[in-house]
Amino acid sequence: MQPTLCYLGPQGTYTHQAGHSLFQAQVRYVPINTITGLFETLTEATPESNTLAIAPIENSQHGAVIETLDALRLPFIGENVFIRGECGFPIRHSLVVRVGTRREDIRIVTSHPQALGQCSTYLKGHLLQAALKETTSTAEAARSVLEDTTGHTAAICSRLCVELNPGLELMEDNIQDSENNVTRFLILSNSLVKALPLSTQNPVPFSMRDPPSHAFHRLRAMFRIDHSIGKHLSGLVTATYDLLRIDRRPSILDKDQSHWSSSPFCDVYFVTIGERETEKTEVDGDRESVPADQWLQTMVSLLTILKEGNNTSGAVNSVRLIGVW
């Protein structure tokens, strides 16, 4: 059975394009209407189905994708949905309209909130009269332009959407605020160990590497922790691994369900750690990364240590390993 890759649809989104750059013809592509839906689809898939998903997590100009971080708070993350890889994909936005629309006709500009934010300077300088309308995806914004027969709506999306939607035309290309505009995507699976069906032309799902100061990091893991043990995890990983990133969102779960507090300002942290340079060995003058299976076992052991260190509070679910890649 051919593996399935679920992506934020409809066809032509940047998520779709990023997924295709990794998997090409190795998978069957299935559009999902929302980012949260991507995560939920994985929980419904059987392990035998070999279902994957790809979701945006962060843009280099506009920051974190909040819906993705919120989905990572859901109770099934770390149980049957895991992060298995990441990739970076360059984002080039276009202003797209119905055929025949003039700039002065535009009253509404619609797109995903991230795209609107990434083009804010252009919008202020060229379309100040237009109201901004959020959609679930950039490709959905392109579709909505066709539905407005008045020609008063424009969309921010990729130029691919013009090819996919007859009746649209490109008004202006490369309208993003920065040429160095990259979105980072997570590859999700319902298994921590099953091999990813990557294209032979792009066999490694990490096209975006660390900055020069972290140039030797090849393996990563993400833990989800609650406010009460954040200081313990930070103290441990900075002594043994490199602490690469911390994201934070409010806790959403009831204390009786998961021992996470639902009190105001009691947050959930997503802590990403990386293989430390000093842990690597020298082979023929080059640094060799720890084998992936060894890294996975090390992270599982680290999870056990963290849980044992927090037993006194009874918070058995307050720390989870939610990704290894």
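Only a predicted model underlies this, so the values are computations on that prediction, with no experimental measurement involved.
N174 CG: more than 12 foreign heavy atoms inside a 6.0 Å radius. In R92, the CZ atom is crowded: over 12 heavy atoms of neighbouring residues, nucleotides or ligands sit closer than 6.0 Å. In the displayed structure, K194 atom NZ is contacted under 6.0 Å by more than 12 heavy atoms of other residues, nucleotides or ligands. The environment of CZ in R103 is crowded: more than 12 heavy-atom neighbours from other residues, nucleotides or ligands sit within 6.0 Å.
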- Please test M1 against N50 for side-chain contact (heavy atoms from CB on, under 4.5 Å), starting from the C-alpha separation and ending with a verdict. CA-CA 8 Å; M1 179 183 297; N50 201 4; over 6 Å; no
- Item | Verdict with supporting geometry, T298 and Y241, side-chain contact (heavy atoms from CB on, under 4.5 Å) | CA-CA 11 Å; T298 300; Y241 312 102; 3.2 Å; yes
- Task: Output, in order, the C-alpha distance, side-chain angles, deciding distance and verdict of side-chain contact (heavy atoms from CB on, under 4.5 Å) for V65 and N59.
- Result: CA-CA 7 Å; V65 179; N59 177 262; 5.8 Å; no
- Given D247 and R249, is the salt bridge (charged side-chain N to carboxylate O under 4.0 Å, His left out) satisfied, shown in steps? CA-CA 7 Å; D247 290 292; R249 292 296 292 156; over 6 Å; no
- Message: Determine whether L302 and L321 satisfy the following criterion, side-chain contact (heavy atoms from CB on, under 4.5 Å), listing intermediate values before the conclusion.
- Response: CA-CA 9 Å; L302 176 58; L321 177 63; over 6 Å; no
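Q118 and N181 form a side-chain donor-acceptor contact under 3.5 Å, judged by distance and modelled atom types alone.
Contact of the F270 side chain with the T272 side chain is not registered, since no non-hydrogen atoms from C-beta on lie closer than 4.5 Å. The side-chain heavy atoms of I108 and H152, taken from C-beta on, include no pair separated by under 4.5 Å. M171 is not listed as a side-chain neighbour of H126, based on a closest heavy-atom distance of 4.5 Å or more. Taking 4.5 Å as the limit, every side-chain heavy atom of C161 sits out of range of all side-chain heavy atoms of R143. Residues E172 and Y122 are in side-chain contact: their nearest non-hydrogen atoms beyond the backbone lie under 4.5 Å apart. The shortest side-chain heavy-atom distance between T183 and Y14 does not fall under the 4.5 Å cut-off. Side-chain contact between I187 and F23: present, with at least one pair of heavy atoms (C-beta onward) separated by less than 4.5 Å. Inter-residue side-chain proximity for M299 and L303 is flagged as unmet; no heavy-atom pair is nearer than 4.5 Å.
Under the 4.5 Å side-chain contact rule for hydrophobic residues, V193 and V324 share a cluster. Linking Ile, Leu, Val, Met, Phe, Trp and Tyr residues whenever their side-chain heavy atoms come within less than 4.5 Å leaves Y7 and L160 in two separate clusters. If you chain together hydrophobic residues whose side chains sit under 4.5 Å apart, V109 and V162 never meet in one group. Residues V30 and L186 fall within the same hydrophobic cluster, defined by Ile, Leu, Val, Met, Phe, Trp and Tyr side chains chained together at heavy-atom separations under 4.5 Å. I175 and V96 are members of different hydrophobic clusters when ILVMFWY side chains are connected at heavy-atom separations under 4.5 Å.
For Q176 against E179, the heavy-atom pair with the smallest separation is NE2-OE2, 3.5 Å. Scanning both residues, L5 and V27, for their nearest heavy atoms gives CB-CG2, 3.7 Å. What you find for H62 and P113 is that their closest heavy atoms are NE2-O, 4.0 Å. Here the closest non-hydrogen pair linking R320 and I77 is NH1-O, 3.0 Å. Summarising the geometry of P10 relative to P31, their closest heavy-atom pair is CA-CB, 4.4 Å, with the distance given to 0.1 Å. The shortest non-hydrogen separation linking S111 to T138 is OG-CG2, 3.5 Å.
A donor-acceptor pair under 3.5 Å links the side-chain atoms of T13 to the main chain of L8, judged by distance alone. Judged purely by atom type and a 3.5 angstrom limit, S137 uses its side chain to pair as donor or acceptor with the backbone of G9. Remark: the backbone N or O of Q24 is paired with a side-chain donor or acceptor of Y29 at under 3.5 angstrom. In this structure a side-chain-to-backbone donor-acceptor pair under 3.5 Å is missing from R159 to L170. A donor-acceptor distance shorter than 3.5 angstrom exists from the side chain of D148 to the backbone of T150, with no hydrogens or angles considered. Not one N or O on the side chain of T135 forms a donor-acceptor pair closer than 3.5 Å with the backbone of T110. Between the R107 side chain and the E104 main chain, a donor and an acceptor come within less than 3.5 Å of each other. Side-chain N or O atoms of T36 include none that pairs as donor or acceptor with a backbone N or O of A71 at under 3.5 Å. For Q61 (side chain) and N180 (main-chain N/O), a donor-acceptor pair under 3.5 Å exists by modelled atom type. Listed for the Q129 side chain is a donor-acceptor partner under 3.5 Å among the backbone atoms of I106.
Annotation: F89 is not in aromatic contact with H16 [ring centroid separation under 6.0 Å not met].
Partner of E67 under the side-chain contact (heavy atoms from CB on, under 4.5 Å) criterion, chosen from L38, T136, I35: I35. Just one residue in the list T68, I32, T34 forms a side-chain contact (heavy atoms from CB on, under 4.5 Å) with F39, and that residue is T68.
Taking OG of S49 as the reference point, atom CD of E44 lies at 11.0 Å (rounded to 0.5 Å). One distance of note links CG of L127 with CG of L132; it measures 9.0 Å at 0.5 Å rounding. Interatomic distance, NZ of K124 versus SG of C119, reported as 12.5 Å (0.5 Å rounding). Expressed to the nearest 0.5 Å, how far CG of L146 lies from OG1 of T149 amounts to 11.0 Å. In this structure, T46 OG1 and N190 CG are separated by 7.5 Å, a value rounded to the nearest 0.5 Å. The CG atom of L192 lies 10.5 Å from the CD1 atom of I322; values are rounded to the nearest 0.5 Å.
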